[in-house]
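Reading through the C-alpha cells given below for one structure.
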Amino acid sequence: MRATSSTNITTSAASRTHWSTTVPDLGRRSCGALTASDVGATVQLDGWVNRRRDHGGLIFIDLRDRDGITQAVFDPSQAEAFAVAETLRNEDVVRVRGLVRRRPAGTENPKLSTGEVEVAAEGVDVLNRSLVPPFPINVEADVDESLRLKYRYLDLRRPRLQHNLTVRHKILKAIRDFFDARDFLEIETPCLIKSTPEGARDFLVPSRLHQGTFYALPQSPQILKQLLMIGGLGRYMQIARCFRDEDTRADRQPEFTQLDVEMSFVDEDAVTALMEECIVYTWRTAIGVEIPQPVPRLAHAEALRRYGSDKPDLRFELELVDVAEAFAGTPIKFLQEHAASDASRIVAVRYPGGAALSRRDFDELTETAKSFGAGGLIWLSYAADGWKASIQKLLDDATVDKLQTATSSQTGDALLLVAGPRDLASDVAGKLRLHVGERLGLRDPEKFAFCWVVGFPLFERDPETGALTPTHHPFTSPAPGQEALLDTDPLSMRAQHYDLVLNGSELGSGSIRIHDPEFQRRIFEIFGLSDAEIEARFGFFMEALRYGAPPHGGMAWGIDRLAMLACGETSIRDVIAFPKNQTFRDVMMDAPSSVPVDLLRDLGLALKTKPPG
RNA sequence: GGCGCUGUAGCUCAGUUGGUUUAGAGCGCCGCCCUGUCACGGCGGAGGUCGAGGGUUCGAGCCCCUUCAGCGUCGCCA
C-alpha cells in the first residue's frame, strides 16, 4: 500500500516535450505533455495502448508512456488509420500522428493532465504487438507479488513503480549533488574481495585461475573505505552495492544499496552534523518535505528508558514511565521483587482511551505482550465509574492513584504494565508502545520523525555464551579517553557510534573508527580472533594502520529502506527495479540456477548436492 | 531454521455438513453491434489436471498424510 501516492513528481518542461534524442522531429511529444496551448499543432506520440474504447464509428485510444496519458481519436474519415485502430489491443506499441485539438465542451477529462485536449489521429504505425498481459497494466489492481516479479518488465510499466523509481533516482541524485558540493569524491570499490570474518555470511565467488580459492563479495565497503582514508583521499562517498548471504527475512535482499561515507580528521559531531544536512537536503529535494532541525539526539540509554527501543518511533509520544516506586510496598510478590531490584524495571505504557476496551481486548493485548516475550501483562483502566484492573483484588486505591499521577493518565485511559528484567521489560514495553500507537493510528506514513541515537555501549554480552562482543563492528572507536577501561571495565565503555533513525527504522549507522593498530588488534582478540587469524584475515589492514593512518569516521545508510519510507511503501521490493522474492530467488530470470558441468569443471568444483530438477 | 496462512478460469475471488446433472462470479479475452467515450455500452462465446502425489469413502475442490510453491512472522543478520 502506498500512503503517499499523491506525492507529485514534477517533470521539467524541457523533458516533457523532447525526451528523445531523435532529431530533428519537432512534432514529437511525450504522452503527458499536451495542453490547451498545443491546440493546432501537428504532433507525433509514441507509446503503449493503455485502453481502447471502440464506439463502432469512432475509436478512442489512450496512449501511455512514463510521462502520462493522451487520448487519440480515430474517425472513419481517416480510413487507413481507422482500420489500424480497430486492430489495436492493450499494450500494443504505436506511433500516432495527428492534430492537437480542444475536446468538445463537456467531454474534458479532469483526471488527466492532458484532459483538455485530444489528438485527432491522421496516421498510426504499429511498432509492435503485445500478447494479452498476465495482469492488468492499466488499473491499480491487487496482483499476486510473485506474478508481478515474474513479469517485472510489465509491472514496471505501471505508474506506482515508475513513481517509486523516480523518487529513488531523485534521492540518489540529491545525495550525489550534496557530497559533490562539499568536495567528496565518489570512489568505486571492488566487488571481488577477500572473505573476512565479519558479522554476516559472505557470498563466495570461485576463482578459475587460482583453483580452490575464492573471492568474497563485500558485505559493505567498510575496510576499503578505511583504506581510502589511509590512502589520503580525505572525503569519500559511494552509492555501493553490498551482499550478505543471510537467512531470508521480510524486507531483506541478498544484495542491497548503501550510501557509504567516510572522512578523515573528524569527530562524531562533525559527521552527524554533515549527515543531518544531507538528509534534510535529500528530503527537501527529492520529495519536497522539510525536516525540522535540529534532529533530536537521544542517548542510547535514554532511548531505551523512554521508548524501549534503540530505534524509537518519534511520530508520537506515549513515553514509557517507570512505576516501580508505586509498587514498593505491594503485597504482590513478583512486583515487589522487581520493584526492589536494580536489574529490573516495571514500566507503564499509557493507552489513551483504553478504558473503552473490553475484557476480550485486554486478553488479546496480553497475548500480544506474551508474543513479545513478556511473562504476562497487567492492565489497569480509569473508567468514569472507577478503575478496573487485571489484578483487581491485589490493587488498592492509593497505588492506582499513584500510577495515574505518575503516568498523567486521564479518565478514559488505560495502562499496560510490564515487569521484568530491565532489557526484557524495556523491549516488551517498547513493542507495546508501538502496538498502541499503531492501533490509535499514530504511525502516520506521511509523517517523518528522524532522530539520532548516540552513546551505544562498545561491547555487549552474548546472551548465550556470555562472551564479550562488539555491539556494532570491531572497527568502532571508544569514546575519547576510555581506552584504558578495556582492561578494567569494558562493558562500561561507550562507542563513538551513531544511528540515524526514521519512524522506528534504523536508516543507517556510523562511527569514528579505531586508527591505533595496537588497540585494533586487542579488539580483534576480544572478537575471538587469535593472532594467527588476525594475520591471515586482516593482516593487510593491520599493516596499513601502521603507516600513518589518520583519525577517521563515517556512516552508511540503507538506501532501499530510505527510498521505501520516502515513497510511503511498506516493502523495499517496491523501490527496487528487479528485486528477489522473499526466498531470495529471481523468479523472472530464474536465479539462482544450475550451471553446465563444464563450468564447474573449469572452476575445479564438484557438486555434493544435486541441484533440483 | 521454527511457526502461521494461502494455493479453484489469464487476474481477483466464492464454493455451505463430503452428495442436483456440465465447479461459479466479477474483470480480462474472442466475435458481432454501436460517432463523444474515458472502469464506454449492448448481445453472444471460449476458457478449469480445483498446486502435485498418496489415502479414507459408495462418493473428495471440501476430510487425513506427504510434498512443492508463495506470502507473513520469529530466530539469525556487527
Side-chain angles (χ1 to χ4, degrees), chain A residues 50-64 69-77 82 86 89-91 101-112 114-115 118 120 130-151 154 196-202 219-220 222-223 242-254 256 368 371-373 431 456-460 462-464 468-476 495 497 499 506 509-511 523-524 526-528 556 558 570-571 573 581-585 587 612-613:
Chain A
N50 192 60
R51 199 183 290 281
R52 179 181 65 125
R53 288 178 298 280
D54 185 344
H55 288 235
L58 196 65
I59 299 172
F60 299 97
I61 299 288
D62 286 344
L63 210 57
R64 183 196 72 236
I69 288 177
T70 301
Q71 172 171 284
V73 190
F74 292 79
D75 188 280
S77 64
F82 189 83
E86 284 184 309
R89 295 295 183 269
N90 286 350
E91 303 311 314
R101 69 185 181 205
R102 195 174 284 279
R103 291 192 186 196
T107 66
E108 300 88 352
N109 186 348
K111 288 187 233 164
L112 295 181
T114 61
E118 63 192 8
S130 173
L131 296 174
V132 175
F135 55 85
I137 313 293
N138 52 12
V139 291
E140 285 267 343
D142 200 12
V143 180
D144 182 63
E145 195 182 12
S146 57
L147 196 70
R148 290 174 53 205
L149 289 174
K150 180 172 181 190
Y151 297 97
L154 295 180
T196 53
E198 291 179 60
R201 205 173 281 121
D202 282 326
Q219 295 177 26
S220 78
Q222 180 64 36
I223 291 183
C242 306
F243 307 86
R244 291 178 194 176
D245 189 12
E246 272 306 316
D247 283 351
T248 64
R249 183 108 197 235
D251 277 350
R252 191 182 285 171
Q253 291 273 307
F256 57 95
T368 302
S371 77
F372 294 154
K431 286 174 175 164
F456 286 79
L458 187 61
F459 298 106
E460 56 192 11
D462 186 311
E464 278 165 29
L468 217 52
T469 62
T471 305
H472 291 93
H473 58 54
F475 310 107
T476 305
H497 176 101
D499 277 1
E506 184 199 310
S509 65
S511 63
I523 297 288
F524 279 141
I526 289 172
F527 201 57
T570 55
S571 165
R573 293 190 292 267
N581 72 2
Q582 196 186 248
T583 59
F584 288 4
R585 273 213 271 265
V587 293

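Ring geometry, A:F524 versus A:F475: the interplanar angle exceeds 60°, so the pair is classed perpendicular (tilted spans 30 to 60°).
Nucleotide B:G48 forms a pair with no other nucleotide shown, judged by Watson-Crick or G-U wobble geometry with both contacts under 3.5 Å. Nucleotide B:G10 has B:C27 as its partner under the Watson-Crick or G-U criteria, with both atom distances under 3.5 Å. Here B:C63 sits opposite B:G55 as a Watson-Crick or G-U wobble pair (both hydrogen-bonding atom distances under 3.5 Å). Applying the Watson-Crick and G-U wobble criteria (two distances, each under 3.5 Å), B:C71 pairs with B:G4.
For the residue pair A:Q71 and A:N109, no side-chain donor N or O sits within less than 3.5 Å of a side-chain acceptor on the partner.
Comparing A:D62 and A:P133, the nucleotide of RNA chain B nearest to each residue sits closer to the 5' end for A:P133. Nearest-nucleotide positions on RNA chain B for A:P136 and A:S77 put A:P136 closer to the 5' end.
Closest contact between the side chain of A:D144 and the listed nucleotides B:U12, B:G36, B:C77 involves B:U12. For A:N109, the side-chain atoms get nearest to B:C38 when compared with the rest of B:G36, B:G70, B:C38. The side chain of A:P474 approaches B:A78 more closely than any other nucleotide in the set B:A78, B:G28, B:G75. Of the candidates B:C71, B:C34, B:C11, the closest approach to any side-chain atom of A:D54 belongs to B:C34. Side-chain atoms of A:P134 lie closest to B:G10 of the nucleotides B:U37, B:A39, B:G10. Out of B:C38, B:C71, B:G70, the shortest distance to the side chain of A:Q582 is found at B:C71. The nucleotide whose nearest atom lies closest to any side-chain atom of A:R103 is, among B:U37, B:G70, B:G10, B:U37. Nearest nucleotide to the A:R573 side chain, out of B:C38, B:G72, B:A78: B:G72. Among the nucleotides B:C29, B:U35, B:U73, the one closest to any side-chain atom of A:N90 is B:C29. Checking B:C38, B:C11, B:C71 against the side-chain heavy atoms of A:L147 singles out B:C11 as nearest.
For A:R89 against B:C29, no side-chain N or O and base N or O form a donor-acceptor pair under 3.5 Å. You'll find a donor-acceptor pair under 3.5 Å spanning the side chain of A:R101 and the base of B:G36, going by distance alone. With hydrogens and angles left out, the side chain of A:E118 and the base of B:G36 share a donor-acceptor pair within 3.5 Å.
One C1' atom belongs to B:A60, the other to B:U8, and the distance between them is 14 Å to the nearest Å. Rounded to whole Å, the C1' atom of B:G24 lies 13 Å from the corresponding atom of B:G47. Distance check on atom C1': B:G59 versus B:G55 gives 15 Å, rounded to whole Å. Comparing the C1' positions of B:U12 and B:G28 gives an interatomic distance of 11 Å, to the nearest angstrom. When the P atom is compared between B:G26 and B:A14, the two are found 16 Å apart, to the nearest whole Å. Comparing B:G51 with B:G70, their C1' atoms sit 11 Å apart, to the nearest whole Å. B:C50 and B:A25 have their C1' atoms separated by 16 Å, given to the nearest Å. Here, B:C74 and B:G48 have their P atoms 41 Å apart, quoted to the whole Å.
Using a 4.0 Å heavy-atom cutoff across all strands shown, A:T469 reaches no nucleic acid atom at all. At the heavy-atom level, A:D247 lies under 4.0 Å from base atoms of the strands shown. If you check every strand for non-hydrogen atoms under 4.0 Å, A:A141 touches nothing. Among the heavy atoms of the strands lying under 4.0 Å from A:R585 are primed sugar atoms or P, OP1, OP2 only; no base atom is included. Residue A:T476 is classed as having no contact, given no heavy-atom separation below 4.0 Å to the nucleic acid. Heavy atoms of A:Q253 sit nowhere under 4.0 angstrom from any nucleic acid atom. In this structure, A:S571 reaches neither bases nor backbone, as no heavy-atom distance under 4.0 Å exists between it and the strands shown. Within the 4.0 angstrom heavy-atom criterion, base atoms lie near A:E108.
In this structure, A:H55 does not pack face-to-face on the six-membered ring of B:U37, missing the 5.5 Å centre cutoff or the 30° plane limit. Using a 5.5 Å limit on the distance between ring centres and a 30° limit on the angle between planes, the aromatic ring of A:F60 counts as stacked on the six-membered base ring of B:U37.
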- Step by step, work out the salt bridge (Lys or Arg N to Asp or Glu O under 4.0 Å) result for A:R64 and A:E91. CA-CA 9 Å; A:R64 183 196 72 236; A:E91 303 311 314; 2.9 Å; yes

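Taking only side-chain nitrogens and oxygens, A:K150 never comes nearer than 4.0 Å to OP1 or OP2 of B:G70. Close to B:G70, at under 4.0 Å from its OP1 or OP2, lies a side-chain N or O of A:T583.
The shortest side-chain heavy-atom distance between A:L458 and A:T471 does not fall under the 4.5 Å cut-off.
Shortest non-hydrogen contact noted between A:N581 and A:Q253 is O-NE2, 4.4 Å. Here the closest non-hydrogen pair linking A:S220 and A:R244 is CB-NH2, 4.1 Å.
Contact check on A:D62 versus A:R53 returns a salt bridge, with a Lys/Arg side-chain nitrogen under 4.0 Å from an Asp/Glu carboxylate oxygen.
Atom CZ of A:R201 has 12 or fewer neighbouring heavy atoms from other residues, nucleotides or ligands inside a 6.0 Å radius.
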